[in-house]
Amino acid sequence: MKKTILSGVRPSARPHIGNYFGAMKQFVDMQYDKDFDGADKYFAIVDLHTLDANKGEAMRQASIDIALDYLAIGIDPKISNIFLQSYTSYHPELAMIFSYLVTVPYLMRGHLYKDAEAKGKEVIAGTFLYPVLMAADILMYDATHVPVGIDNKQHLEITREIARKFNHEYNVEYFKEPKEYMISEVQLVPGIDGKKMSKSYGNHIPLFSTREEIEKLVKKIVTDSGSDIPENVYAIHKLVRDEKELKDIYEENKGKYKILKDILIGDLDNFIRPFREKREELSKNMDYVYEVLKQGNEKTKQIAQMRMGEIKKICGLGM
Ligand code: ADP
């Protein structure tokens, strides 16, 4: 069976180490995994999923920044396609069709909706329909493998349900029900306050932080006084340093939070520096970045155009 990999990152703010370890690292690794030789690989900048967080020029800039980030972490445009979700109108068009396949009570169980509601906010319809648009992103390209963080597991189940329903209601075998999703082994990466690291919570360590930013953020990591091992410091530390080494370090420095944080600052900086330098270098050649994006956009446009033609025919839409 032909394999197709697809995933995306929202251009809401700079990606953080949670995005990297939870999802983006896999994008890079899968390029060199023998199991995925010959697979099509698509990495989207999902700006339509971000309309609540960014407006106008800031959105456009943030989207270009994600293209730069993708290249800086090692996504190779000779192997993978980087594209902008809103380059065409096909994704929201497919989402509209899908919105007729799921019920309101079903979507009300979605975690994004529930989280927004729990905050006592009036939930925007875009948040409510987020999983439907995500299903369109995935099913548009018949993706078989979707590397995402564990927080997206539910969205992938909704995608399967939508594929099944479409095939059933139209009596076709059109959408492959994506069987294999690549939930990262790294569970949710906590932020500096111990809650899920997220751009929207402002508790994140950006993936391309400067040494000064790392210092500032690590100093702010919340520690429970009283315990020998500062849990939140350790949870981040184990991402960038071997746990066997960490055991000795944390044993030797029991209760010495400042020393442990200083070691974490050094280790994070060593880890981030090559990404930061690569990004800096790439940012001097923006023509190249735009060219990569243009090629990815054109390639995915052709596929989406062809697929939407077929889908609309099945649905009896258009002429
Ligand atoms: P955010 O939730 O910070 O806005 P995105 O929605 O752009 O980030 O998520 C991009 C990818 O990163 C998704 O696959 C998501 O599952 C993953 N991800 C986001 N936050 C975390 C985290 N704290 N730990 C692990 N993976 C995460």
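Small disclaimer: the values here were computed from a predicted structure and weren't measured. Whatever order the structure lists ligands and atoms in, that order sets their numbers, starting from 1. Index from 1, following the sequence.
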Flag the pair Glu161 and Arg164 as a salt bridge only when some basic side-chain nitrogen lies within less than 4.0 angstrom of an acidic carboxylate oxygen.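 Salt bridge: yes.
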Salt bridge Arg60-Glu57, side-chain N to carboxylate O under 4.0 Å: yes
Please confirm whether Ser200 comes under 4.0 Å of ligand 1, counting heavy atoms of the residue only. no
Please work out which of the three classes, parallel, tilted or perpendicular, describes the rings of [Y] and [X], given edges at 30° and 60°.
| X | Y | result |
| --- | --- | --- |
| Tyr141 | Tyr42 | tilted |
| Phe36 | His145 | perpendicular |
| Phe83 | His91 | tilted |
| Phe271 | Phe275 | perpendicular |

Ranking His16, Lys196, His204 by closest non-hydrogen atom to atom 2 (O) of ligand 1, top hit is Lys196
In the protein, what heavy atom is nearest to [atom], and what distance, to one decimal place, separates them?
| atom | answer |
| --- | --- |
| atom 4 (O) of ligand 1 | Arg10 NH2, 2.8 Å |
| atom 9 (O) of ligand 1 | Asn19 ND2, 3.4 Å |
| atom 14 (O) of ligand 1 | Gly149 N, 3.1 Å |
| atom 24 (N) of ligand 1 | Val189 N, 2.8 Å |
| atom 16 (O) of ligand 1 | Asp151 OD1, 2.4 Å |

Below the 3.5 angstrom mark, is there an N/O of [X], backbone or side chain, next to an N/O of ligand 1?
| X | answer |
| --- | --- |
| Met197 | yes |
| Val148 | no |
| Gly18 | yes |

Is there a donor-acceptor pair closer than 3.5 Å between any side-chain N or O of Gln31 and the backbone N or O of Gly74?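 Yes, because the side chain of Gln31 sits within donor-acceptor range (under 3.5 Å) of the backbone of Gly74.
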I need the single residue from Asp267, Leu264, Asn270 that forms a side-chain contact (heavy atoms from CB on, under 4.5 Å) with Arg241. Which is it? Asp267
For side-chain contact (heavy atoms from CB on, under 4.5 Å), just list the numbers for Ile66 and Arg10, CA-CA rounded to whole Å, side-chain angles, deciding distance to a tenth of an Å, and then say yes or no. CA-CA 8 Å; Ile66 298 285; Arg10 298 187 318 132; over 6 Å; no
In ligand 1, which numbered atoms sit nearer than 4.0 Å to a non-hydrogen atom of [X]?
| X | answer |
| --- | --- |
| Leu188 | 22 (C), 24 (N), 25 (C) |
| Ala23 | 11 (C), 12 (O), 14 (O) |
| Asn152 | 13 (C), 14 (O), 15 (C), 16 (O) |
| Gly22 | 25 (C), 26 (N) |

